[in-house]
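Take a look at the structure below.
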Amino acid sequence: MSVIASNNQRMKFPEVNAERRDFLRKVEEKWQRRWEESGLFEADPDPSRPKFFVTFPYPYINSFPHLGTAYTVLRVDILARFKRMQGFNVLFPQGWHATGGPIVAAALRVREGDEKQIRILKSIGIPDSEIPKFRDPEYWVEFFRKGFKQDFSRYGLSIDWRREFFTTYLNPPYSKFIQWQYTVLREKGLITRGSHPVVWCPKEHKVVGDHDRPDEYAGIGPERVVIIKFKGEDGLVYPCLTYRPETVYGAVNIWVNPESKYLVAEVDGEKWVIGEYGARELADQDHSVKIVGEVKGSELVGRFARNPVTGWRIPVLPAYFVQADAGTGIVMSVPAHAPYDFAGLEDLKKDPYLLEKFGLDPAILDAVRPVKLIDVEEYGGLPAEEVVRRLGVTSQFDREKLEEATKEVYSKEFYKGVLKPEVFGERWGGRKVFEVKEDVVENLVSRGIALRHYTLPSPVYCRCGARTHVKLVKDQWFLRYSDPEWKRRAHECIDRMRFVPEEVRQEFHRLVDWYEDWACTHERELGTPLPWDERWVLESLSDSTIYMAYYTLAKYLQHPEKYGIDWSKLNNEFFDYVLLGKGDPGSVAERTGIPKELLEEMRKEFLYWYPVDMRVSGKDLIGNHLVFFIMHHVAIFPEEHWPRGIGVNGWVLVAGKKMSKSAGNFILLREALEYWGADATRFAEAYAGNSGLDDGNFEPEVASKAVDLLYEWYEFAVNNYGKGDENRRFVDDWFESVLYRTLEKVTKEYEELNTKNVLVEGFFNLQNAYRWYVKRRGGTANKEVLKKFVEIQTLILAPITPHIAEEIWEATGHKEFISRTSWPAVDKSKIKDEVEKAESIVVKLYEDIQEVLKLKKSGVERITIVAPSKWKYGFLEGVKRRYSTYGKLSQAISETIKEVEPSLKPAAGQLASLIQKNPEVLDLLVSPEAEQKALSDALEFLKDSLGVPVELVAEEELRENPRARTTLPGRPSIILS
RNA sequence: GCGGGGGUGCCCGAGCCAGGUUAAAGGGGGCGGACUCAAGAUCCGCUGGCGUUGGCCUGCCCGGGUUCGAAUCCCGGCCCCCGCACCA
């Protein structure tokens with residue numbers, strides 16, 4: 001069992017044969033060492049060979065890789081190994097991603113002694129004594145970088161480690177590369193500035209990222225809302241904050257919290273009543289706010305204001321669910337559609353004292369009646385009322401249920417709700433909420449009734465203790481993804497690329513269209529500073545776009561000890577030259593101190609490897625990283641360097657469920673490697689699924705089983721290679737045909753990265769075919785055929801289970817690494833349709849005899865198989881030919897009968913009805929010689945396996961037997977006696 | 001709601017685009033047998049129902065349709081998963 005301790009109960013792995021597993025692991029270590037020693041996967045430019053450049057998106061290194069990471073990266077490795085065997089010069093590099101907030105946030109939590117964070121670290125096997133080191137973000141990067149590399153190596157990935165690197169300023173040459181990229185983008189006018197909402201700490205005057213706040217506030221960000229201004233009869237503006245501005249048409253009162261304090265403030269020249277929080281937030285979102293006084297909520301109750309769109313005179317009423325310190329502190333009441341509002345009104349109706357205590361006459365409610373604005377099929381009456389009653393909401397204080405109710409009504413109405421024409425008129429009536437919402441807002445804003453605003457959906461506190469709010473920062477940098485010309489080039493690139501599976505191509509087109517400008521910088525996260533404005537750091541997705549180009553240079557840049565490159569001298573001219581071919585290498589050499597020859601070598605290296613041939617990724621990156629990958633390539637590089645292919649796969653489920661710690665099926669790669677070893681884990685991962693958006697399924701049973709399967713294959717291969725006899729029989733042709741046909745199929749499946757199909761066709765089915773072959777041959781095999789089988793089977797397995805394949809290859813006397821051995825060519829001359837068909841006649845015959853014998857039960861002494869007369873083959877041939885042209889079987893038969901010589905007509909009539917009863921014989925039709933050969937070759941086998949003597953007799957010799965006359969090509973009669 | 005992917009036998013899963021060779025590959029699990037002192041491993045068989053000559057019936061989410069023929073094509077419906085953004 002795993003030595004890794006876990007607080008969560010992990011599933012028990014199915015039992016594995018430890019002896020065999022240990023053998024496999026020893027083999028794995030041996031070959032990993034040899035690969036490394038020989039530099040097998042270190043790929044350098046070689047103009048004499050075609051290149052193939054594959055990449056796996058660098059993982060974020062805040063933990064160890066798990067089976068999900070392992071699933072996708074294995075597909076990259078399988079492709080790399082397959083292509084390598086096909087004769088390509090394959091480059092498979094790997095880097096690590098450290099840019100962004102989570103590592104910084106996690107390190108801070110460790111520093112604060114956050115128990116949850118520490119538990120996470122312990123659960124992945126970090127000893128207590130090591131925990132303090134994780135207070136430092138840099139240690140995380142270093143630690144998990146090593147962990148990833150170790151796991152990937154032990155997994156047997158064929159990576160060129162000389163090109164390894166990690167991101168952020170911690171790696172200066174990479175940082176320079178990123179800065180070069182952004183300089184180029186800026187020069188091309190693809191970077192712009194604008195305002196952008198952020199979570200802001202008013203005390204420390206800084207942006208509050210996830211790492212600046214206690215864990216419970218993580219992930220909460222600014223949300224778009226609208227403030228609608230209701231003019232009070234007291235001359236004040238009542239700013240109602242809402243997520244659903246369209247419902248202002250049904251606002252029948254205003255809510256304030258009578259127990260809270262409000263401010264009177266001059267906002268953009270108008271006098272507003274507003275909560276203190278709202279005033280602060282407004283001031284930070286481009287509004288002038290001057291506080292001029294204070295007012296108690298209770299004083300506001302009973303006043304009147306005008307609904308700005310309907311003109312209704314509506315009262316200000318007390319509600320306790322309103323929070324003065326959130327939003328503006330004032331909300332409009334739409335009791336037909338908002339459960340809180342409905343519940344608030346109900347409370348007032350039920351208990352007149354709630355109004356009386358503010359000196360109000362409960363009759364004030366008479367005019368406050370819900371107005372229905374939106375139709376949704378599910379709700380016949382008032383949606384808010386129905387949901388409130390169904391969920392059993394008791395009062396406005398029943399928060400939990402009201403939240404649920406609000407969520408339900410909101411989402412149903414937003415997506416399915418249709419605006420009532422009698423309220424919304426021609427412009428919006430009859431249309432769906434989500435379609436017109438923006439237009440409604442636009443309209444309200446342009447009429448000066450409303451303003452756009454950002455706020456937080458719930459309070460967020462900064463680490464320093466201060467309450468945060470949303471501020472609009474003005475100098476945020478954006479990538480201009482909305483640029484039509486940029487999009488056009490991206491579409492062009494997508495049109496030319498290869499996608500596996502093909503379905504995702506359209507998805508990329510759609511995504512490119514949908515993208516708007518992207519805020520590409522953050523403050524105080526790990527990353528690379530913006531070159532022209534260094535207080536900003538490039539955000540994580542934005543710095544991971546064209547780094548595959550960096551792999552071609554990393555060999556030089558990451559190894560100053562070997563090439564003597566001075567990082568501090570790297571500049572934009574350097575990258576301009578090596579990546580874009582701009583400028584003069586001589587002057588670049590002077591400026592950077594890099595010899596001209598070396599610069600030219602680097603330029604050549606880039607030109608040799610680029611573009612990326614295939615980037616394989618999980619489907620989770622389709623909507624973000626992979627789009628960026630395309631966008632930035634088309635922006636920066638000439639067309640010949642645009643990406644050539646993207647392969648996508650689903651998640652991997654473990655034992656049929658999404659991997660999660662609570663489900664107990666969260667498995668780290670290192671745990672799997674320890675328990676099953678690399679090859680068996682790889683086998684099970686490859687068997688988990690094919691290309692496509694469907695999720696794969698890693699079954700632990702398969703991994704355990706794979707240990708046996710691989711071990712047995714090793715034993716078989718080693719013990720049987722070179723064994724066998726010299727006899728050449730019909731079944732030998734058959735098995736050879738199957739062998740090469742399988743190879744042909746498998747080659748196609750590898751091209752499409754359908755790894756599961758590879759194993760089904762290329763391993764399980766082939767193994768079963770071999771079993772049949774041996775059985776058919778009475779327990780023997782032909783020496784040459786057996787040799788070919790061992791070789792091809794091992795070669796087929798090599799990309800998936802390379803270690804054991806190497807071991808077998810060596811043990812069977814091959815000198816070269818199997819990893820470097822040519823993928824076998826399909827010998828088409830060996831693929832014989834007729835032979836395979838003839839053998840399937842035997843298979844079918846065998847099964848049929850068994851079935852008949854089972855039913856017969858009583859003693860059978862002899863089985864006679866009736867070989868059909870020759871003319872029947874000719875007849876079937878005629879029928880088959882005509883059937884394929886006419887498409888009608890009956891017509892094909894009657895036409896054929898006409899041609900039969902008169903003496904055979906009666907027999908032909910009987911034959912015709914047999915064909916109609918058994919049309920499958922048309923597909924099994926082979927020449928009489930082939931069928932004869934197959935059947936006579938099978939006699940011995942039939943006799944042995946059925947335990948009854950079997951003879952093959954020509955139809956002509958059994959004229960008196962009615963059953964003999966019904967014998968058909970492809971379906972010889974069986975006579976039991 | 002929009003966009004994408006799905007729903008296949010005890011479980012997983014191929015097939016579907018290009019309809020027939022499909023009672024439906026392959027794997028897992030289960031059951032039985034051989035071997036063994038025994039367990040494991042391995043090998044063989046069974047794993048929808050009925051049937052004493054290779055057959056019949058039922059069957060691929062549900063309901064219709066096209067066709068000589070549908071798991072596959074068309075129409076309608078139900079259900080599940082993923083994405084809908086400032087970020088790994």
Side-chain angles (χ1 to χ4, degrees), chain A residues 14-15 17 19-20 57 59-60 62 97 99-103 196-198 210 219 221-222 411-412 414-417 432-435 476 478-479 501-504 506-507 510-511 514-522 539-542 544 619-625 627 650-651 653 655-656 658 687-690 692-697 699-702 704-705 708-709 711-712 754 756-757 759-761 763-765 767-768 771 775 837 840 844-845 847-858 887-890 917-924 945 963 966 971 973-976:
Chain A
E15 266 188 52
N17 184 319
E19 220 172 291
R20 292 177 170 187
Y60 191 70
N62 62 344
H97 192 36
T99 309
I103 288 176
H196 188 67
V198 297
D210 269 357
S411 92
K412 284 231 170 93
F414 182 68
Y415 293 124
K416 299 185 192 172
K432 298 243 168 78
V433 175
F434 76 94
E435 291 173 331
Q476 169 68 41
F478 287 87
L479 283 160
E502 174 59 34
E503 295 96 273
V504 299
Q506 277 316 308
E507 183 71 2
R510 261 189 291 275
L511 283 162
W514 167 79
Y515 259 90
E516 285 170 27
D517 292 350
W518 179 267
C520 61
T521 52
H522 270 184
E539 164 279 330
S540 154
L541 285 168
S542 309
S544 310
K619 65 178 174 184
D620 46 327
L621 299 187
I622 292 177
N624 42 70
H625 164 69
V627 174
W651 321 103
L653 308 177
K658 204 181 261 184
Y687 193 67
N690 289 320
L693 301 173
D694 285 358
D695 294 337
N697 186 17
E699 295 175 282
E701 288 78 12
V702 172
S704 289
K705 188 80 182 178
D708 288 327
L709 292 173
Y711 182 83
E712 281 155 22
N754 289 328
K756 176 166 193 139
N757 290 352
L759 286 173
V760 169
E761 293 286 353
F763 183 72
F764 291 111
N765 286 351
Q767 290 284 327
N768 289 343
R771 234 168 267 161
K775 191 170 161 186
K837 275 186 194 171
S840 54
K844 183 82 167 55
L845 178 67
E847 288 167 359
D848 288 346
I849 294 175
Q850 282 184 310
E851 194 178 343
V852 172
L853 283 177
K854 204 169 75 191
L855 292 171
K856 193 82 179 170
K857 284 169 195 158
S858 60
K888 291 253 187 206
L889 186 57
S890 50
K917 245 177 108 184
N918 304 288
E920 72 274 9
V921 294
L922 293 178
D923 291 311
L924 288 175
S945 51
R963 187 148 277 146
T966 64
R971 193 177 186 275
S973 288
I974 303 160
I975 300 173
L976 305 181

Specify the separation, in whole Å, of atom CG of A:Asn697 and atom P of B:G29.
14 Å

Under 4.0 angstrom between A:Arg971 side-chain N/O and B:G55 OP1 or OP2
yes

Using a cut-off of 4.0 Å on non-hydrogen atoms, how would the nucleic acid contact of A:Gly100 be classed: base, sugar-phosphate, or nothing?
sugar-phosphate

Sticking with atom C1', work out how far B:G26 lies from B:G9, rounded to a whole angstrom.
14 Å

Under a 4.5 Å cut-off applied to non-hydrogen side-chain atoms, are A:Glu516 and A:Phe478 in contact?
no

Would you mind classifying the nucleic acid contact of A:Glu539 as base, sugar-phosphate or nothing, using non-hydrogen atoms under 4.0 angstrom?
sugar-phosphate

Across all strands shown, which nucleotide pairs with B:G20 by Watson-Crick or G-U wobble geometry, both distances under 3.5 Å?
B:C68

Atom CG of A:Asp620 to atom C1' of B:A85: distance rounded to whole Å?
14 Å

If we call it a pair only when both distances are under 3.5 Å in a Watson-Crick or G-U wobble match, what pairs with B:C2?
B:G83

Give a yes/no on whether any side-chain N or O of A:Lys705 is located under 4.0 angstrom from OP1 or OP2 of B:G26.
no

So if I take every side-chain heavy atom of A:Glu699 and compare against B:C12, B:G26, B:C87, which nucleotide ends up nearest?
B:C12

C1' gap between B:C10 and B:G54, integer Å
29 Å

Against the side chain of A:Asp708, the closest entry in B:A41, B:G5, B:G54 is B:A41

Out of curiosity, A:Ser544 OG to A:Glu539 CD, how far, rounded to the nearest 0.5 Å?
8.0 Å

Report yes if some heavy atom in the side chain of A:Asp695 is under 4.5 Å from a heavy atom in the side chain of A:Lys619; otherwise report no.
yes

Would you measure the distance from the P atom in B:G40 across to the matching atom in B:C35 and give it in whole Å?
16 Å

Residue A:Asn757, side-chain heavy atoms: nucleotide from B:G28, B:G55, B:A14 that is nearest
B:A14

With respect to the side chain of A:Phe764, which nucleotide from B:G26, B:A14, B:U42 is positioned closest?
B:G26

When the P atoms of B:C87 and B:G63 are compared, how many Å lie between them, rounded to an integer?
49 Å

Please measure how far the C1' atom in B:C2 lies from the corresponding atom in B:C16, and state the result in whole Å.
26 Å

Report the nucleotide, chosen from B:G45, B:U53, B:C87, that has the shortest atom-to-atom distance to any side-chain atom of A:Trp518.
B:C87

Nucleotide of B:G54, B:C87, B:G4 approaching A:His522 most closely (side-chain heavy atoms):
B:C87

I want to verify a distance call: between B:C87, B:G26, B:G4, whose nearest atom is closest to the A:Arg510 side chain?
B:G4

Under 4.0 angstrom between A:Asn754 side-chain N/O and B:A14 OP1 or OP2:
no

Salt bridge or not between A:Arg510 and A:Glu507? Use side-chain N to carboxylate O under 4.0 Å.
yes

Rounded to whole angstroms, how far apart are CG on A:Asn17 and P on B:G40?
12 Å

Provide the distance between the two P atoms, one in B:C74 and one in B:C82, to the nearest whole Å.
27 Å

Separation of B:G13 P from A:Asp694 CG (nearest whole Å)
8 Å

Base, sugar-phosphate, or nothing for A:Lys775, non-hydrogen atoms under 4.0 angstrom?
sugar-phosphate

What distance do A:Arg963 atom CZ and A:Leu976 atom CG have between them, rounded to the nearest 0.5 Å?
8.0 Å

Can you identify which nucleotide, out of B:G4, B:C87, B:G13, has its nearest atom closest to the A:Glu507 side chain?
B:G4

Base, sugar-phosphate, or nothing for A:Asn624, non-hydrogen atoms under 4.0 angstrom?
base

Base, sugar-phosphate, or nothing: which does A:Glu712 touch, judged by heavy atoms less than 4.0 Å apart?
sugar-phosphate

What does A:Ser973 touch in the nucleic acid at a heavy-atom separation under 4.0 angstrom: a base, only the sugar-phosphate, or nothing?
base

What does A:Tyr687 touch in the nucleic acid at a heavy-atom separation under 4.0 angstrom: a base, only the sugar-phosphate, or nothing?
base

Map A:Thr99 and A:Trp651 onto RNA chain B by nearest heavy atom, then report which one ends up closer to the 5' terminus.
A:Trp651

For A:Glu699 and A:Ala688, indicate whether the former's side chain and the latter's backbone hold a donor-acceptor pair under 3.5 Å.
no

Can you check the distance between B:G20 and B:G32, where both ends of the measurement are the C1' atom (answer in whole Å)?
36 Å

Tell me: CG of A:Asp848 to P of B:U52, nearest whole Å?
17 Å

Nearest-nucleotide wise, let me know which of A:Leu541 and A:Thr966 is further upstream toward the 5' end of RNA chain B.
A:Thr966

Measuring only the P atom in each nucleotide, how far is B:G55 from B:G30? A whole number of Å is fine.
33 Å

Would the distance check show the side chain of A:Asn697 and the main-chain N or O of A:Gly656 forming a donor-acceptor pair, the cut-off being under 3.5 Å?
yes

Taken to the nearest whole Å, OH/A:Tyr515 to C1'/B:C86 is 9 Å

From the set B:G6, B:C43, B:A85, return the single nucleotide nearest to any side-chain atom of A:Trp514.
B:A85

Figure out the CG/P separation between A:Asp695 and B:G5, and round it to whole Å.
14 Å

Within the structure shown, what part of the strands sits under 4.0 Å from A:Arg20 by heavy-atom distance: base, sugar-phosphate, or nothing?
sugar-phosphate

Report yes if a donor N or O on one partner sits less than 3.5 Å from an acceptor N or O on the other, where the partners are the side chain of A:Glu19 and the base of B:G40; otherwise report no.
no

For side-chain contact (heavy atoms from CB on, under 4.5 Å), just list the numbers for A:Leu853 and A:Gln850, CA-CA rounded to whole Å, side-chain angles, deciding distance to a tenth of an Å, and then say yes or no.
CA-CA 5 Å; A:Leu853 283 177; A:Gln850 282 184 310; 5.7 Å; no

Measure from CG on A:Asn918 to C1' on B:C56 and round the result to the nearest Å.
14 Å

Go through B:G27, B:C82, B:A41 for me and flag the one nearest to the A:Lys658 side chain.
B:C82

Under 4.0 Å, counting only non-hydrogen atoms across every strand here, what does A:Glu503 touch: a base, just sugar-phosphate, or nothing?
sugar-phosphate

Under the 3.5 angstrom rule, does the side chain of A:Asn17 hit a backbone N or O of A:Arg20 as a donor-acceptor pair?
yes

